[in-house]
Amino acid sequence: MNTTNATNATVTHSTAEDAGPRVAASSADPHVAGPSADPHVAGPSVADPASLHTSVIAWFDRHARDLPWRRPEAGAWGVMVSEFMLQQTPVARVLPVYEQWLARWPRPADLAASPSGEAVRAWGRLGYPRRALRLHGAAQAITERHGGDVPRDHAQLLALPGIGEYTAAAVASFAYGQRHPVLDTNVRRVFARAATGIQYPPNATTAAERRLARALLPDDEAAAARWAAASMELGALVCTAKSEDCGRCPIADRCAWRLAGKPAHEGPARRGQTYAGTDRQVRGRLLAVLRDATEPVPRSALDTVWNEPVQRARALDGLVADGLVEPLDGDRYRLPLT
DNA sequence: CAAACGTGGCC
DNA sequence: TGGCCAAGTTT
């Protein structure tokens with residue numbers, strides 16, 4: 001296991017306006033006052049970032065899951081594939097698909113050489129199948145623009161289809177050991193509780209959260225990468241959304257939320273994502289038929305999955321518009337061969 | 001910035 | 001039973 005020691009976090013200024021992070025100064029930083037600085041400055045405060053790093057990384061060394069994309073042989077491509085699949089999808093459902101995917105397409109160029117429809121088919125029931133299309137598109141771009149190697153540069157990663165702020169940082173950090181704030185839903189929840197003292201982070205990532213993540217990032221590159229994986233794992237295994245297990249938390253003694261008596265979340269709950277009866281459900285049914293078919297499917301067969309004709313047609317049109325389905329002559333459809 | 005975008009397991 | 005949640009991105 002990694003034995004890198006955590007180092008002091010970068011310390012940033014905060015102002016009354018930005019409500020930014022207020023991280024206690026390390027003795028090496030002359031610019032920032034200590035924990036008892038201006039009481040009017042709002043925002044989270046972490047007394048000792050270095051001890052947080054040490055505790056969370058030590059916990060990670062003992063409890064990290066042995067996931068295939070964390071093994072050295074996974075490589076940057078394996079990391080990237082896993083990140084696409086893990087977007088909004090639980091680890092347990094990703095594991096079998098990931099293994100099949102890497103066995104079939106061990107390098108980006110292998111995937112790029114296959115039809116996009118095969119990527120959609122291999123995606124199976126992971127959900128959000130446009131991710132499969134984007135991963136295929138990213139593999140093509142990597143093959144064409146980067147010589148077949150997953151780029152190391154954050155900006156180049158961000159330019160690939162399906163890669164946003166989180167995934168670019170994750171690949172750069174996990175695959176290449178770079179120093180980036182990796183703000184996923186797990187880390188955001190850990191920070192919200194431990195540093196800000198609230199049960200849940202805001203619905204959308206805020207500038208204040210980015211500042212906090214930046215401020216808490218260890219200076220040392222290897223330590224920062226370790227911290228990213230460790231803080232994420234803590235949120236996934238211990239500091240979970242519903243049934244957090246503070247008894248197993250390495251920083252429970254410093255957690256602002258716990259020390260405040262674990263006050264319940266205020267404000268509106270996250271908008272529930274209704275599913276039954278939506279276009280998404282119809283799209284899912286239509287695509288399931290196409291995935292299981294080896295030959296073009298006549299429209300009449302697709303018509304059986306949903307009884308409401310207007311919504312059914314809208315869903316099918318949407319799939320075609322998204323490039324997930326290819327219309328053929330004779331009112332037939334299939335996964336795209338392009 | 002809100003809304004769209006799949007699927008299945010859990011309490 | 002049904003709402004909530006899961007390593008987000010795109011428009």
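The sequence lines fix the lettering, A, B, ..., with proteins before strands; numbering per chain opens at 1.
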Acceptor/donor pairs from residues 95-106 of chain A side chains to any protein atom, 3.5 angstrom cut, sequence neighbours excluded:
from     : atom 1 : to       : atom 2 : distance (Å)
A/Arg104 : NH2    : A/Glu118 : OE1    : 2.8
A/Trp105 : NE1    : A/Ser114 : OG     : 2.9

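The residue A/Arg280 sits close to a base: some heavy atom pair falls under 4.0 Å. Residue contacts shown for A/Arg93 include a base, since a base heavy atom lies under 4.0 Å away. Within 4.0 Å (heavy atoms only), A/Thr167 reaches sugar-phosphate atoms of the nucleic acid but no base atom. Residue-level contact check: A/Arg189 touches the backbone only, with heavy atoms under 4.0 Å from sugar-phosphate atoms and none from bases. At the heavy-atom level, A/Ile163 lies under 4.0 Å from the strands shown only through sugar-phosphate atoms. Across all strands shown, A/Glu165 has heavy atoms under 4.0 Å from sugar-phosphate atoms exclusively, and none from any base.
Distance check on atom P: B/dC5 versus C/dA7 gives 23 Å, rounded to whole Å. With P as the reference atom, B/dG8 and C/dT9 are 23 Å apart, rounded to whole Å. When the P atom is used for both C/dC4 and B/dA3, the distance is 16 Å, rounded to whole Å.
In this structure A/His146 satisfies the ring-ring contact (aromatic ring centres under 6.0 Å, His included) test with no other residue, sequence neighbours excluded.
At least one side-chain nitrogen or oxygen of A/Tyr275 sits closer than 4.0 Å to the OP1 or OP2 atom of B/dT7. Within the structure, every side-chain polar atom (N or O) of A/Lys242 is placed at least 4.0 Å from both OP1 and OP2 of C/dC4.
Between the side chains of A/Thr206 and A/Arg211, no donor-acceptor pair is found at a separation under 3.5 Å.
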